[in-house]
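A short worksheet on the structure shown next.
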Amino acid sequence: MKHLKRTTLTALASLTLAASVGVSAAAAQTTLTVTHSSPADSHFGVAAIAFKEVVEKETNGAITVVIQRGDNEREAIESTQLGAQECAIGSAGPLGNFIPEIRVLDVPFLFDNYAHARGVLDSEIGDELLAKFDASGLKGVAWLENGFRHLTTGTKTVSGPEDMRGMKIRTMENEVHMKAWQAAGVLPTPMAFSELPSALQQGTVDGQENSISVILSNNLDMMQKHLYLTRYVYSPGILLCNLDFIDGLDDAGRKAVDDGAQAAAVANRARIEQDDTAGIETLRGRGIEVIEVANRDAFREAMSGANADFDAQFGADLLKRIREWKAQ
Ligand code: EAX
């Protein structure tokens, strides 16, 4: 009896010990779920993987990063805002619905090339825009990239913007893109990326516009016949997180997230470059007709009817500052 009692007490003591170890381990162990809106083998997939590697390594596994696919970018932002997921990687497409100031980056023909866009995003202009996220319960951790966007169509062919009058083109849920297409006489049809493949398959839209990386990794060429290299607008990407989650991290955790985000941006930009060079040939080889667009200025002109509106909305000064930005 005496012996039994002692055994029970010992067992109870070790149970208590196990429970307290369990509690402290749980407190130190954080799971960070990050969604991204393209396959693992894509410009966003490689960003998520680089982010995970750095965050887990720097925190010695105290933060475990779980990567999930989430093709509805607006829902991913909402879910991050609510704290149902910690972070999200995607295009900046629907972001203006949460942080209106970001829309300035969506103006067509704003950036001349990748160096220009990256230079602006990495400058104080990009930092000023990232600082706007906090008011929406979000943390803009780093600018990524979705790439310059091009037009694709199904059966209809286009020799210039005049042919596009009355055409239904899927756009992101992005007010600026919609206004620009409307100015060109096109009927923009906004929808989440998750709805795009079925819309193209069913022919509810005549075409869509996207970056080479997105077209390639999501096999959109299988649902479209023509790819017009319009490069008409730059599409930023973003790695954002829930603000309370970031504020709740200790210094080491915060640094790991920042370093992970920088690694994500490096991997993401490298993949965009690779896709924009080799990817076009891959797409041609897979059968889509690739058309160089000699008259890009005609698209610029066709969309120019929206410029006064953009000047009023964002301020002509800010637009000029972005257009005229030069590396120091
Ligand atoms: O992953 O919705 C879109 O067209 C975006 O380019 C999205 O980032 C695709």
Side-chain angles (χ1 to χ4, degrees), residues 37-39 41-44 71 73 90-94 106 108-109 114 145-174 176-178 180-237 271-272 274-300 302-303:
S37 58
S38 266
D41 186 13
S42 73
H43 60 307
F44 286 149
D71 280 3
E73 295 181 329
S91 78
D106 298 318
F109 298 100
Y114 283 113
E145 187 164 78
N146 196 27
F148 277 96
R149 299 177 81 91
H150 310 276
L151 174 72
T152 69
T153 59
T155 49
K156 294 190 179 171
T157 56
V158 169
S159 56
E162 58 290 348
D163 296 340
M164 292 185 68
R165 298 200 148 266
M167 269 175 70
K168 283 176 84 173
I169 298 295
R170 178 269 173 177
T171 65
M172 297 192 285
E173 295 167 290
N174 184 303
V176 170
H177 291 186
M178 290 167 67
W181 282 115
Q182 264 158 2
V186 168
L187 304 174
T189 310
M191 65 182 79
F193 186 66
S194 48
E195 295 166 29
L196 176 60
S198 59
L200 293 179
Q201 264 155 356
Q202 288 161 15
T204 48
V205 289
D206 298 310
Q208 63 94 44
E209 42 73 63
N210 235 310
S211 70
I212 296 298
S213 294
V214 172
I215 296 168
L216 196 58
S217 60
N218 292 280
N219 301 323
L220 298 184
D221 55 302
M222 302 295 167
M223 303 154 202
Q224 297 282 271
K225 288 196 167 60
H226 314 281
L227 164 60
Y228 300 92
L229 300 176
T230 49
R231 280 179 67 250
Y232 83 100
V233 70
Y234 176 78
S235 181
R271 183 58 180 266
I272 289 275
Q274 184 190 323
D275 289 345
D276 267 43
T277 47
I280 294 176
E281 273 322 299
T282 305
L283 286 170
R284 213 191 295 268
R286 285 187 345 196
I288 194 168
E289 186 196 12
V290 180
I291 301 110
E292 300 291 341
V293 175
N295 56 347
R296 271 182 81 239
D297 277 347
F299 284 89
R300 188 197 302 265
M303 291 179 161

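Remember, it's a predicted structure, so these values are computed and weren't measured experimentally. Computed from heavy atoms alone, side chains included, the values below leave out hydrogens, waters and symmetry copies.
One N or O on the side chain of Glu73 and one on the backbone of Ser91 form a donor-acceptor pair closer than 3.5 Å. Panel note: side chain Arg296, backbone Thr230; a donor-acceptor pair is recorded below 3.5 Å. Remark: side-chain polar atoms of Asn174 are paired, donor with acceptor, to backbone N or O of His177 under 3.5 angstrom.
Between Pro108 and Val176, the closest side-chain pair of non-hydrogen atoms falls below 4.5 Å. Counting heavy atoms from C-beta outward, Arg231 and Phe299 have side chains that stay 4.5 Å or more apart.
Here the CG atom belonging to Leu187 is positioned 6.5 Å from the OG1 atom belonging to Thr189, to the nearest 0.5 angstrom. One distance of note links OG of Ser42 with CG of Asp275; it measures 8.5 Å at 0.5 Å rounding. A distance of 8.5 Å separates CD in Glu145 from CG in Asp276, rounded to the nearest 0.5 Å. For the atom pair CD1 of Ile215 and CG of Leu283, the computed distance is 6.5 Å after rounding to the nearest 0.5 Å.
Listed by first then second residue, pairs satisfying salt bridge (charged side-chain N to carboxylate O under 4.0 Å, His left out) with a partner in residues 218-230 read Asp221-Arg286, not counting sequence neighbours.
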Worksheet item: Stepwise, does the side-chain contact (heavy atoms from CB on, under 4.5 Å) test hold for Met167 with Thr153?
Response: CA-CA 10 Å; Met167 269 175 70; Thr153 59; 3.7 Å; yes
Discussion item. Pair Thr157, Asp163 - check side-chain contact (heavy atoms from CB on, under 4.5 Å), show working.
Written reply: CA-CA 8 Å; Thr157 56; Asp163 296 340; over 6 Å; no
Discussion item. side-chain contact (heavy atoms from CB on, under 4.5 Å), that's the test. Do Leu151 and Ile169 meet it? Break it down for me.
Written reply: CA-CA 9 Å; Leu151 174 72; Ile169 298 295; 3.9 Å; yes
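In terms of heavy atoms, Pro190 sits closest to Met178 at CG-CE, 3.6 Å. The two residues Phe44 and Gly90 make their nearest non-hydrogen contact at CZ-C, 3.5 Å. Residues Ser213 and His43 share a closest heavy-atom pair of CB-ND1, 3.4 Å. A pairwise comparison of heavy atoms in Met172 and Ser235 identifies CE-OG, 4.1 Å as the closest pair. Considering every non-hydrogen atom in both Asn295 and Pro161, the closest pair reads ND2-CD, 4.3 Å.
The environment of CG in Asp41 is sparse: at most 12 heavy-atom neighbours from other residues, nucleotides or ligands sit within 6.0 Å.
Inspection of the Asn218 and Ser38 side chains reveals an N or O donor paired with an N or O acceptor under 3.5 Å.
Every residue meeting the ring-ring contact (aromatic ring centres under 6.0 Å, His included) condition with Phe148, not counting sequence neighbours, appears here in chain and number order: Tyr114, Tyr234.
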Per-pair distances, 0.1 Å, donor-acceptor, side chain in residues 200-212, under 3.5 Å, sequence neighbours excluded:
| residue | atom | partner | partner atom | Å |
| --- | --- | --- | --- | --- |
| Thr204 | OG1 | Ala199 | O | 3.2 |
| Asp206 | OD1 | Lys156 | NZ | 3.4 |
| Asp206 | OD2 | Lys168 | N | 2.8 |
| Gln208 | OE1 | Asn210 | ND2 | 3.1 |
| Gln208 | NE2 | Thr152 | OG1 | 3.0 |
| Glu209 | OE1 | Arg149 | NE | 2.6 |
| Glu209 | OE1 | Tyr232 | OH | 2.7 |
| Glu209 | OE2 | Arg149 | NH2 | 3.3 |
| Asn210 | OD1 | Arg149 | NH2 | 3.4 |
| Ser211 | OG | Asn146 | O | 2.6 |
| Ser211 | OG | Val214 | N | 3.2 |

